[in-house]
Amino acid sequence: MSWNDERIEQLKKLWADGLSASQIAAELGGITRNAVIGKVHRLGLSGRAKTATAAAPRSRKQRTPAPAPRQNGFVRGNVVLAPRVAPEEVPEVETELATEPVENVVPIGQRCSILELNEATCRWPIGEPGRPDFSYCGGRAISGLPYCSFHARIAYQPVADRRRDRRVG
DNA sequence: CCCTGATTCGC
DNA sequence: GCGAATCAGG
């Protein structure tokens with residue numbers, strides 16, 4: 001391919017229209033974008049004010065929609081990293097306890113700091129992180145769960161209710 | 001890594 | 001004059 005008058009006119013027009021060198025090369029065919037750029041320079045056309053690509057940005061790739069967040073089996077309120085446990089596996093606790101304000105249930109002497117937590121201690125946070133009196137429950141955790149029976153009950157209560165309601169209705 | 005234009009330099 | 005290779009930048 002060579003630069004005859006017709007192709008040069010096309011080049012001038014397309015360049016003036018703001019097409020990129022590679023786009024023009026594709027339009028004219030049989031030529032590379034380097035050839036286009038070189039010709040543009042030789043013609044003294046370089047230094048466009050604005051490129052069409054700058055004015056009209058190329059289409060973005062469409063994002064694959066994010067998967068909907070899972071809701072079943074996770075925790076309401078204070079959250080620690082906890083396994084999703086079927087509500088049937090959460091042992092029952094006395095209902096009187098569940099009606100009391102959470103903060104009053106855990107004896108002060110039982111509570112512990114983050115450094116004292118281990119597999120066997122309940123990791124339910126009590127209070128406001130950053131406050132000097134912030135602590136964890138420190139009770140005896142159910143095997144395989146990060147909570148004692150009381151806090152496990154609280155943690156998984158919403159799901160248990162939901163499942164139970166569905167069975168009834 | 002995709003793209004852009006700019007520059008160089010052997011042909 | 002031509003354009004591949006390369007550079008610099010978004």
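Keep in mind the model is a prediction, meaning the values are calculated, not measured. Letters A, B, ... mirror the listed sequences (proteins, then strands); counts begin at 1.
Contact annotation: A/Ser20 reaches the phosphate of B/dT4 (side-chain N/O to OP1 or OP2, under 4.0 Å). Distances shown here put a side-chain N or O of A/Ser22 below 4.0 Å from the OP1 or OP2 atom of B/dT4. Using a 4.0 Å cut-off, no side-chain N or O of A/Lys39 falls inside it from OP1 or OP2 of C/dG1.
In this structure A/Ser2 satisfies the side-chain hydrogen bond (donor to acceptor under 3.5 Å, both in side chains) test with no other residue, sequence neighbours excluded. Residues satisfying the salt bridge (charged side-chain N to carboxylate O under 4.0 Å, His left out) test with A/Glu128, not counting sequence neighbours, are A/Arg131. Partners of A/Glu9 according to the salt bridge (charged side-chain N to carboxylate O under 4.0 Å, His left out) rule, which considers only residues two or more places apart in sequence or in another chain, are A/Lys12. Partners of A/Glu27 by side-chain hydrogen bond (donor to acceptor under 3.5 Å, both in side chains), not counting sequence neighbours: none found.
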Which donor-acceptor pairs under 3.5 Å do side chains of residues 39-47 of chain A form with protein atoms, sequence neighbours excluded?
none

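Look at CG on A/Leu28: it is 15 Å from C1' on C/dC2, rounded to the nearest Å. In this structure, A/Gln23 places its CD atom 14 Å from C1' of B/dC2, rounding to the nearest Å. Rounded to an integer number of Å, the gap from A/Arg42 CZ to C/dA4 P is 11 Å.
Within 6.0 Å of CG in A/Asp5 there are 12 or fewer heavy atoms belonging to other residues, nucleotides or ligands.
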Legend entry - Summary of protein contacts for nucleotides 6-11 of chain B, nucleotide by nucleotide, where a base hit scores B, a sugar-phosphate-only hit scores S (4.0 Å, heavy atoms): BB----
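Within the 4.0 angstrom heavy-atom criterion, no nucleotide atom of any strand lies near A/Ser2.
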